[in-house]
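Counting from 1, the numbers follow the sequence of the chain as shown. Owing to the predicted nature of the structure, the values given are computational and were not obtained by experimental measurement. Quick note: numbers below take in every heavy atom, side chains included, and nothing from hydrogens, waters or symmetry partners.
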Amino acid sequence: MFRAALWLLLVCFGACSLSAQAIRYLPEKRLWVITTSQNSYVMGLGPQGQLEHIYWDAPLWRTEDLQAVTAKRDISSFDPHQMLENEEFPGWGGPLYDEPALKITRSNGDRDLVLRYVSHHIDGDQLDIQLKDIHDAVNVTLHYRVYPTMGILSRWATIANGTKQDFTIVSAQSAAWYMPPGTGYRLSYLSGRWAAETQLNREPIHEGIKVLESREGHTSHNFNPWFAIDDGSATEQNGRVWFGALAWSGNWRISVEQTPYRQVRVTGGLNPFDFSYHLKPGESLTTPQFYGGVAQHGFGEASRLLHDLERADIEPHGLKARVRPVLYNSWEATTFHVNEEGQKALADKAAKLGVELFVMDDGWFGARNDDHAGLGDWTVNRQKFPNGLAPLIAYVNHLGMDFGLWVEPEMVNPNSDLYRAHPDWVMNFPGRPRSELRNQLVLNLARDDVKEYIYGALDKLATEYNIRYFKWDMNRTFSEPGWPEVAPEDQQKLWVKYVDNLYDIIDRLRAKHPNLEIESCSGGGGRVDLGILRRVEEFWTSDNTEAFDRLRIQEGFSQAYSAKFMSAWVTDVPNMNHRSTPLQYRFLVAMQGALGIGANLNKWTEEDTQLATKMVAIDKRIRNTVQLGDLYRILSPRTNDTTANEYVARNGDQAVLFAFRHSQQYNTPPPTIYLRGLDEHAVYHVESIDGKLVEKSEALSGAYLMHHGLDFKLTDDFDSTLVILKKQ
Ligand code: GLA
């Protein structure tokens with residue numbers, strides 16, 4: 001609300017008129033000004049028609065302040081003027097040595113590309129700028145879509161061959177983003193590995209290039225396509241933070257470059273590694289969307305802006321989507337040993353806890369008894385389910401739960417009917433080895449016949465059975481990415497076409513089955529990005545469900561993605577890393593996202609069941625706030641023996657505070673926790689779920705909660721608590 005009002009005010013001043021126009025062109029200065037609630041973004045045309053980046057920072061309200069672009073001079077024969085120009089979308093041509101946004105090779109070997117302005121078009125919140133090479137019709141359209149109340153701009157590009165010859169694109173980026181000139185910047189990024197995804201890193205930016213990327217075919221566990229940059233002094237609450245996230249689920253790259261002339265730029269899009277995209281006359285390539293913004297109030301606000309955007313404009317049903325239900329999945333309890341009787345027994349127990357979505361994981365199809373066979377054969381295993389899935393699904397529905405099913409459609413085991421029938425359907429270089437990982441190969445989804453097979457198999461399942469939810473898994477990286485059936489110059493299109501076809505399958509499935517929901521899983525968090533989020537309701541955050549490890553994984557995840565999309569399960573202890581934490585701790589960690597239970601309910605004691613029933617009921621009281629509210633990260637698991645996160649409902653009526661003590665040292669008090677984002681003048685009803693709050697008063701003001709703070713009796717290792725505040 002406040003953000004929207006501020007934006008209107010700024011735009012009205014800036015335009016010197018009352019039209020709430022976020023994008024304006026100033027013809028006398030040849031400048032474009034894009035203004036949002038949080039920032040302004042300015043571009044201008046140089047004397048030779050080059051499009052230059054000018055400004056991306058706090059909102060500017062006075063257009064008279066802005067200067068037209070002037071010509072720059074060469075500094076030396078080693079430092080041409082192009083080095084200083086901050087070209088908005090640099091083509092590789094002329095004396096350009098920094099990271100290009102576009103690089104091509106023409107069929108005659110000519111690789112020079114100098115892009116100049118042709119025209120532009122403003123349509124509501126979208127601006128398209130047309131550029132063209134100085135000699136031939138290598139046409140580039142730069143797209144800008146602004147989200148005025150969220151402070152975010154989305155950028156992408158279409159490269160079209162308007163010439164009469166073929167050319168090949170060897171690098172196609174979505175955008176180059178420029179920080180204000182300066183040094184001393186700091187980069188935040190997410191790196192990791194399987195079972196340890198989205199670890200937050202912060203490090204100074206120095207001269208040179210830092211590359212975040214995936215070469216693995218999927219988004220990757222190793223880096224996530226998100227960045228944040230600050231001047232080195234920002235905190236969760238204060239300071240300017242530039243941030244961005246790339247919407248692509250295949251090979252991507254984000255490079256962060258500081259030049260010798262104090263320019264810091266972030267260039268991102270399709271990974272140029274092993275990239276080659278051949279365009280015949282009349283053909284085009286569109287790059288993924290790259291979202292970017294500048295927050296004025298720290299890393300916390302940068303995350304909240306992205307979360308708002310995701311919930312309103314990216315996830316499939318936007319603000320109409322339901323909050324994520326409480327889920328049960330038996331994978332960690334049963335692994336591949338699923339059958340009708342066993343699943344029904346678990347469903348009974350899950351329903352009693354208050355679970356709303358019951359998901360059967362791997363093992364229900366083909367000859368799937370372990371990970372050596374069956375992938376590709378998406379027919380029900382009749383030994384395990386003699387009457388198909390219908391009786392189980394009817395049983396689950398009768399208990400009041402929706403039914404979900406695990407699938408891994410992009411893969412095949414060599415030991416499968418599918419592979420025996422179509423050994424050519426996997427990506428491969430003829431005559432070369434086919435590397436197996438987890439005993440499986442990757443189907444070449446770039447092929448349209450493979451795409452149709454996968455669509456057909458999933459459509460059949462969704463048509464035949466009352467399936468509300470697919471857990472869509474993808475359990476290995478690409479290798480030998482050959483596509484021998486097409487001409488050699490088209491074979492490397494596989495990297496892009498694979499992802500286009502993946503998106504196409506999901507889009508068609510969703511169109512035909514509007515109630516179907518999908519979770520994006522890739523051996524945990526290997527496919528977490530805004531491209532797939534357009535098509536799915538949830539991400540499987542990590543195969544690591546150990547609660548203490550999860551705090552760090554979730555902290556990193558939350559930088560870029562809303563809690564609503566963060567699937568988080570309570571599982572049994574000792575967990576995969578042999579650590580044991582109390583059941584309440586495990587619940588509270590998981591309740592900071594979309595709650596799931598992945599434990600073996602057959603082994604739970606009466607006491608476990610009672611506590612779990614209580615926690616599920618609490619989750620249902622607070623999940624609107626957690627999933628749809630504003631997140632405030634108060635204490636980080638990276639720096640404190642206590643972690644604290646607070647979520648405030650968008651209407652301000654409820655706030656919840658989670659606190660976790662990892663390890664206590666004798667007679668060392670836990671930190672006082674200062675709440676945030678509350679109304680100073682309101683009084684809140686304070687409810688501690690377990691009596692660990694030191695303050696005994698049931699009503700406290702926002703001012704007290706934020707400035708005096710709360711103290712807790714967190715005296716054990718892996719102690720935890722939750723406080724629910726209700727505005728009176
Ligand atoms: C992956 C997923 C797990 C589980 C298994 C099943 O590892 O991340 O959650 O579904 O596959 O084989």
Undergrad: Test of understanding: with ring-ring contact (aromatic ring centres under 6.0 Å, His included), list the residues that count as partners of Y189, not counting sequence neighbours.
TA: none
Undergrad: Residues in side chain to side chain donor-acceptor pair (under 3.5 Å) with S233, at least two apart?
TA: D231
Undergrad: Establish, from distance only, whether the side-chain atoms of Q199 and S191 form a donor-acceptor pair under 3.5 Å.
TA: no
Undergrad: In Å and rounded to the nearest 0.5 Å, what is the CG to CD1 distance from L187 to I205?
TA: 5.0 Å
Undergrad: Do N86 and E52 get their side chains close enough for a donor-acceptor pair, meaning under 3.5 Å?
TA: no
Undergrad: Under the rule for side-chain contact (heavy atoms from CB on, under 4.5 Å), what residues qualify as partners of A563, not counting sequence neighbours?
TA: V626, Y647
Undergrad: Ignoring hydrogens and angles, state whether a donor on the side chain of N224 or D529 is under 3.5 Å from an acceptor on the partner side chain.
TA: no
Undergrad: Sequence neighbours excluded, which residues qualify as side-chain contact (heavy atoms from CB on, under 4.5 Å) partners of L84?
TA: K72, I75, Y261
Undergrad: If we only count heavy atoms from C-beta on, is the N251 to F275 side-chain gap below 4.5 Å?
TA: no
Undergrad: Please list, chain by chain and in numerical order, all residues satisfying side chain to side chain donor-acceptor pair (under 3.5 Å) with T477, sequence neighbours excluded.
TA: none
Undergrad: Is any side-chain heavy atom of N645 less than 4.5 Å from a side-chain heavy atom of I634?
TA: no
Undergrad: If you define the side chain from C-beta out and look only at heavy atoms, does anything of I506 sit under 4.5 Å from I518?
TA: yes
Undergrad: Does this structure show an ion pair linking D308 with R311, if we count only N-O contacts that are shorter than 4.0 Å?
TA: yes
Undergrad: Would you kindly say whether S220 and S214 are connected by a side-chain donor-acceptor distance under 3.5 Å?
TA: no
Undergrad: If you measure from the Lys or Arg side-chain nitrogens to the Asp or Glu carboxylate oxygens, is any gap between K564 and E315 under 4.0 Å?
TA: yes
Undergrad: Against the six-membered ring of F548, is R586 placed for a cation-pi contact (under 6.0 Å from the centre, within 45° of the normal)?
TA: no
Undergrad: Classify the side-chain pair W495/D274 by whether it contains a donor and acceptor separated by less than 3.5 Å.
TA: yes
Undergrad: Does any N or O in the side chain of N271 come within less than 3.5 Å of the main-chain N or O of W252, such that one atom is a donor and the other an acceptor?
TA: yes
Undergrad: Does R202 come within less than 4.0 Å of D230, counting only side-chain N to carboxylate O?
TA: no
Undergrad: To the nearest 0.5 Å, tell me how far W248 CH2 sits from Q289 CD.
TA: 11.5 Å
Undergrad: Is R650 salt-bridged to D630, going by a charged N under 4.0 Å from an acidic O?
TA: yes
Undergrad: Measure from the side-chain N and O atoms of S562 to the backbone N and O of S558, and report whether any donor-acceptor pair falls under 3.5 Å.
TA: no
Undergrad: Is K210 paired with E203 through a side-chain N to carboxylate O contact shorter than 4.0 Å?
TA: yes
Undergrad: Answer yes if the side chains of Q173 and T267 hold a donor-acceptor pair under 3.5 Å, and no otherwise.
TA: no
Undergrad: Between H221 and E216, do the side chains contain a donor N or O and an acceptor N or O under 3.5 Å apart?
TA: no
Undergrad: Go through the side-chain N and O atoms of S249 and H218 and say whether any donor and acceptor fall under 3.5 Å apart.
TA: no
Undergrad: Quick check: W472 with W540 (ring centres under 6.0 Å apart)?
TA: no
Undergrad: Quick one: does NZ or CZ of R661 land under 6.0 Å from the six-membered ring centre of Y585, within 45 degrees of the ring axis?
TA: no
Undergrad: Determine whether the side chains of T158 and T286 contain a donor N or O and an acceptor N or O closer than 3.5 Å.
TA: yes
Undergrad: Is it possible for you to check whether R155 lies under 6.0 Å from the centre of the six-membered ring of Y144, through NZ or CZ, and within 45° of that ring's axis?
TA: no
Undergrad: Got a list of side-chain donor-acceptor pairs under 3.5 Å for residues 176-184, not counting sequence neighbours?
TA:
unit_1, atom_1, unit_2, atom_2, d
Y178, OH, E87, N, 3.3
Y178, OH, E87, O, 2.5
Y178, OH, R265, NH1, 3.0

Undergrad: Closer than 4.0 angstrom, basic N to acidic O: yes or no for R676 and E646?
TA: no
Undergrad: Within 45° of the axis and under 6.0 Å from the centre of the six-membered ring of Y147, does NZ or CZ of R145 qualify?
TA: yes
Undergrad: For F539 and Y561: C-alpha separation, side-chain torsions, deciding distance, then whether ring pair (Phe, Tyr, Trp, His ring centres under 6.0 Å) applies.
TA: CA-CA 10 Å; F539 298 119; Y561 307 102; 5.6 Å; yes
Undergrad: For the CG atom of N575 and the OG1 atom of T581, what is their distance to the nearest 0.5 Å?
TA: 7.5 Å
Undergrad: Is there side-chain contact between V42 and I34, with heavy atoms separated by less than 4.5 Å?
TA: no
Undergrad: Distance check, rounded to the nearest 0.5 Å: S171 atom OG versus E99 atom CD?
TA: 6.5 Å
Undergrad: Closer than 3.5 angstrom, by distance alone: can the side chain of S522 be matched with the main-chain N or O of G525 as a donor-acceptor pair?
TA: no
Undergrad: My understanding is that only one of L678, L657, V656 makes a side chain to side chain contact (heavy atoms under 4.5 Å, CB included) with L725; could you say which?
TA: L678
Undergrad: When rounded to the nearest 0.5 angstrom, what distance separates CG in L551 from CZ in R638?
TA: 12.5 Å
Undergrad: How many angstroms lie between atom CG of L309 and atom CD1 of I152, to the nearest 0.5 angstrom?
TA: 4.5 Å
Undergrad: Is the ring centre of F243 less than 6.0 Å from the ring centre of Y291?
TA: no
